[in-house]
Amino acid sequence: MTLPRLLVLSLGGTITMTPAAGGGIAPTLGAAELVAAVPGLDEVAQIEARSPFRLASSSLTLENIVAVAGDIRAAFAEDFDGAVVIQGTDTIEETAFILDLLVRDARPVVVVGAMRGPQQAGADGPANLLAAAIAAASEAARGLGTLVVLNDEIHAARFVRKAHTALTSAFVSENAGPLGLVAEGRARLFTRVAPLALPSLPLPEGELPPVALLKMTMGDDGRLLRAVPGLGCAGLVIEGMGAGHVPAAVAEIVGEVAAAIPVVLASRTLAGPAFERTYGYPGSEIDLIGRSVLPAGLLGGPKARLLLTFALAAGWERPAIAAALAAYA
Ligand code: ASP
């Protein structure tokens with residue numbers, strides 16, 4: 001039997017980290033070494049291993065992930081059956097969301113990492129990589145867009161979030177739950193996500209438009225908010241309180257900023273939709289939407305920021321951006 005062909009790209013992260021001269025751990029291992037360390041992986045897929053980056057995931061850039069999306073698109077043009085991207089867990093949800101936007105192929109793309117380094121007791125990297133490869137090689141995972149696999153759970157890119165700094169069960173999908181799990185060497189999907197109802201996006205070239213993300217907190221006086229357009233930002237995402245609220249004193253400043261650049265309103269609560277038609281006081285979602293702010297649907301701040309970035313890079317105007325956000329509502 002011919003095994004499925006997988007592209008495995010390693011970008012760094014704890015899963016690749018070994019002790020550094022100055023203390024702590026730092027990225028060193030590449031994809032080939034990681035693949036070689038997983039018992040049974042050679043029975044799952046034929047793997048082409050590449051290591052484009054060896055970075056902590058906090059240092060990956062959007063442009064790095066656009067390049068990864070380009071590599072996966074090229075591999076899919078060459079008959080690969082799936083792709084696995086290995087990286088640090090800190091920004092896995094952002095990488096997965098970008099690949100979900102930019103790859104758009106029925107073949108699975110799975111992003112994976114580990115919460116413990118390879119030399120720590122109970123290292124979870126090998127098990128996570130095996131589970132990720134099983135998912136990426138499976139028929140069952142086709143048509144679900146980009147997935148994140150850790151702790152044997154399969155999450156959809158649009159829902160997944162890192163929700164703990166330490167546990168191997170750090171990844172959650174609060175709005176939906178995981179789509180499935182990997183058990184006994186098989187990817188089992190309990191539920192599926194609908195295909196993204198968005199126009200396809202070209203692979204952007206060059207620098208991406210800068211989009212700011214600001215979290216509202218009690219007593220915020222709007223001074224950072226007011227500065228955003230003058231800093232050269234092409235867009236802004238506000239993580240509002242609760243269902244998407246700001247202090248009354250800040251509402252007018254939000255309106256001034258939204259007159260200059262697109263402003264998206266998400267919730268800092270991390271689950272549930274940004275509201276659109278419930279609260280009617282100054283600084284509420286109805287007030288802010290009346291000031292041209294666009295509600296983020298179920299997207300949290302970081303993912304709303306990515307959608308706005310790539311929409312602006314594609315030249316989308318506000319109605320198209322609003323429609324794209326509504327696809328996540
Ligand atoms: N700080 C690490 C990173 O994101 C954490 C991890 O890989 O889990 O690169």
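These numbers come from the heavy atoms of this one structure, side chains and all, not from hydrogens, waters or symmetry mates. Atoms within each ligand, like the ligands themselves, are counted from 1 in listed order.
- In this structure Arg5 satisfies the side chain to side chain donor-acceptor pair (under 3.5 Å) test with no other residue, sequence neighbours excluded.
- At a cut-off of 3.5 Å, with distance as the only test, no side-chain donor of Ser51 or Ser10 sits close to an acceptor on the other residue.
- Side-chain contact between His164 and Val172 is absent, with no heavy-atom pair separated by less than 4.5 Å.
- Considering only heavy atoms from C-beta on, Phe97 comes within 4.5 Å of Leu101 through its side chain.
- If you look at ligand 1, the protein residues with a non-hydrogen atom under 4.0 Å away are Gly13, Thr14, Met17, Ala56, Ser57, Gly88, Thr89, Asp90, Ala114.
- Asp90 meets the side chain to side chain donor-acceptor pair (under 3.5 Å) test with Lys162; sequence neighbours excluded.
- Pairs passing the side-chain hydrogen bond (donor to acceptor under 3.5 Å, both in side chains) check and including a residue from residues 279-299, sequence neighbours excluded, read His245-Tyr281, His245-Glu285, Asp287-Arg291.
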